[in-house]
Amino acid sequence: MDFNFTEEQSMIRDSLARLIREQYDFETRRSVVESDAGWRPEMWAQFAELGLLMAPFSEEDGGLGGGAIDAMVVMEEFGKGLVVEPFVPSVVCGGGFLKHAGSVAQKEEYLAGIMSGEQIFAFAWAEPKGRYNYADLETTARKDGAGFVLNGHKAVVIGAPWASHFVVTARTAGDRRDRAGVSAFIVAKDAAGVTTRDYPTVDGRRASEVYFENVALSSEHLIGEVDGALSLVERVGDEATAALCAEACGAMGVAHAQTVEYSRTRKQFGVPIGKFQVLQHRMVDMFMEHEQSISMTYMATLKLDEPEIERKKAVSAAKVRIGQAGRLVGQQAVQIHGGMGMTEELAVGHYFKRITMVDSEFGNVDYHLKRYTDLCAAEMAVAAE
Amino acid sequence: MELAFTPEERAFQADVRAWIDEAYTPDLRAKMAMSKTGYLDREGQITWQKRLHARGFIAPNWPEKYGGPGLTPTQKYILHMELSAAGTPSVVPMGVSMVAPVIMAFGNEAQKAQHLPPILSSDIWWCQGYSEPGAGSDLASLQMSAVRDGDEYVLNGSKIWTTLAQHADWIFCLVRTSREGKPQEGISFLVFPMDLPGISVRPLPTLDGPMEGEQEINQVFFEDVRVPIEASLIGEENKGWTYAKYLLQFERGNAYAPGLRNMLSKVRKIASREQIGDVPLIQDADFSRKLAEMEMRIEALNATELRIFSALSAGEAVGPESSMVKCAGSEAQQAITELALEAVGQAGHVFVRDSWAHLREGANADLPMPEYAVPVAPSYFNYRKTSIYAGSNEIQRNIMAKMVLGL
Ligand SMILES: Cc1cc2nc3c(=O)[nH]c(=O)nc-3n(C[C@H](O)[C@H](O)[C@H](O)COP(=O)(O)OP(=O)(O)OC[C@H]3O[C@@H](n4cnc5c(N)ncnc54)[C@H](O)[C@@H]3O)c2cc1C
């Protein structure tokens, strides 16, 4: 057993933390988030220069030989800095599909671009009525000779406004919500028939509704097995979820630290409010929730390569605990700041918003509780046989 | 004990309902459904309040001699219940329910004649200048100074978190007129117009992301602002703390449960439109159970509020009970906004700064998500305020620990 980071991981963390400290302070972030673009491509280039975008890929694939732990390290720092650039959509999701299922040609065409930062991926899986279910698809890719014709609407695709490519899930066979019959495709954003509607999100990022109208695809766009991509989609989804958990941990840690600091300096009734025992206990509760969130994130990340049921249970458990912890930490961070916590001028409210919104990405508390419960039932059924 | 209303009370209730059906017009309802803060814009707010006034419903608690409607306690309760249950905008409280009772009780005749009629008719908008950057929960430590100069006070300092100050024509302020003795003993209660030289208002956008000019709170700065003592000072100099405490009775006290029911009914509507698998979310076992639990929480509060109301009607004084209602009510409000956020799922991520844009004529009506999802995350963020303002819930629990439990 070893919960320590390798030298490379520590280096990534330290240099990323320095970069964020120097170039991603709260005021800078605020003006970037409110700008037309909503992000800084030059920041992305710097992340590439630091090697972040190639860290989680094998040397064989042209990466630095790391994996999910490296992504976790990066995302925890992103969470601390409320970084909006699309590491999870592009590197964890786009890169994840290519790493697990990309052909040699696909890796050549796309993975190198993801690692250099020249190509940016977004993961277009959720639909207006799908409610976190990867298989609940109204988007279809009709088989057409050797190729496919893609039609559908993907909702709240995070990072889509900045993306050059999408990984799109679509039904190629079977009925809506069947496990079989799901396929995944790489679709260039500038392909004929792709349109987007871009908007900001409530937590300062950018996303789009993405519409596909008779988009012609060839088998070279297919990633993973035709009709049989759901397991791959779930695996990449779990990797993204674990990375999001790390981001939430980073953000919770800062929200907590800022609250403790504020309670030391803010005086009412002649004493720092941190002297009031009720607030002390609450900040201790926040601390305990944050620590356990970190632990759960480690467990989920370390189990990403385990057999499917193990992996899914660990990821769902982490997402549930972090959803619950995030609620407490975020709400109390605002509460203990009083009126100050309510303003957009203070960072803590922005941490609260980001922590809150993590819950409804890649399945919320209820979704993952249900998934976990179903997995336990399945295990028991197997054991009973 | 008797749960039912009398036939006369039921008739009054029917009247109120019929009036609301008509007066709470679709344009106002549509705007209110998209509000992030629970308020309308200035124009909408004034339109609604003037309609209430025309029907005699704006100030149920005012004595008849100042233009109050002379309702019985039960009628007042019914009126409040029906207005809340229909989801009508709350009357901006700073005029009608905060400064007016103080002026009635402690102002001179000239002040009453000048201020009460335009408050009742919503022709003058008031804001409340109590909190300061250094004085929140510990309000008595406030520092904004009023120094006598002939027959004027010269004001310097700043007020913060001032609700809708950008719309206000007048402000009532607690200011420091003496630094001797206990802090509470050097505070005075002043009223003056907002357009005097030396007053400036800085918007403080809250987490809901308000559109320009619609921010809920502000910081107000006072730099050598001169006000006439005779017209501005309410009651006696250095007695302001007593008046402020008197006002607090009016700041708290209204029932939460009817409004909570309305909020919950909106979540139900969302949950019947959202799909989970092949059923609407409202039929999902987990979610419907949460709705049921929430409903029970509201009913518990409702019955508690009725018990308090009944004691009040019997002439008993209501003290720390209002702290209980404030904690339970505000926390239930927050829990309902949390349920709503859960219900809308991923659509909650989409940020629409101007949530009224699609209602205005000519504006592009096409939203990237269902309309009902627009204000949900912003309201969730915004409603964190309810456990902070009007005496934070920690302060309310301190009061109960001391006054109820004797600790
Ligand atoms: C949306 C909004 C609108 C408002 N509108 C107005 C307005 O129109 N006019 C106006 O004058 N004010 C207004 N307020 C201000 C409001 O009354 C104050 O925010 C409130 O009194 C708390 O003060 P504070 O923000 O300075 O927090 P603090 O007093 O600094 O409190 C910070 C934290 O410490 C806790 N705390 C403080 N003392 C104790 C204690 N003794 N024991 C345990 N915990 C304690 C608090 O509960 C809180 O969690 C508004 C506030 C908000 C959020």
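Only a predicted model underlies this, so the values are computations on that prediction, with no experimental measurement involved. In the text below, chain A, chain B and the rest are named by the order of the sequence lines, each starting its count at 1.
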Closest non-hydrogen contact found for A/Lys353 with B/Leu207 is NZ-O, 2.7 Å
State, yes or no, whether a side-chain contact exists between A/Tyr199 and B/Val352 at a heavy-atom distance under 4.5 Å.
no
Contact between A/Asp366 and B/Ile276 at the side-chain level, heavy atoms closer than 4.5 Å - yes or no?
no
Are B/Phe381 and A/Val202 packed together at the side-chain level, in the sense that at least one heavy-atom pair is separated by less than 4.5 angstrom?
yes
Heavy-atom contacts under 4.5 Å, residues 136-143 of chain B to chain A:
B/Gly136, B/Ser137, B/Asp138
Test item: A/Gln331 and B/Arg384 side chains (from C-beta on) under 4.5 Å apart, heavy atoms
yes
Would you check if B/Phe351 and A/Arg206 make a side-chain contact, meaning some heavy-atom pair closer than 4.5 Å?
no
Side chain from CB out, backbone as N, CA, C, O: work out which of these in A/Asn364 comes under 4.5 Å of a heavy atom of chain B, or both, or neither.
side chain
Check: B/Arg397 and A/Val278 side chains under 4.5 Å, non-hydrogen atoms
no
Is any NZ, NE, NH1 or NH2 atom of the basic residue among B/Glu342 and A/Arg327 found under 4.0 Å from an Asp or Glu carboxylate oxygen of the other?
no
Could B/Asp284 and A/Lys370 be called an ion pair, given the rule that one side-chain N must be under 4.0 Å from one carboxylate O?
yes
Chain A contact via B/Glu274 - side chain, backbone, both or neither, heavy atoms under 4.5 Å:
side chain
If we define contacts as heavy-atom pairs under 4.5 Å, which of B/Pro378, B/Gly134, B/Gly348 has the most with chain A?
B/Gly134
Set out, in order, the CA-CA distance, both residues' side-chain angles and the distance that settles side chain to side chain contact (heavy atoms under 4.5 Å, CB included) for A/Phe362 and B/Gln346, then state yes or no.
CA-CA 9 Å; A/Phe362 291 99; B/Gln346 71 210 1; over 6 Å; no
Which answer fits B/Ile160, side chain, backbone, both or neither, if we ask what part of it has an atom under 4.5 Å from a heavy atom of chain A?
neither
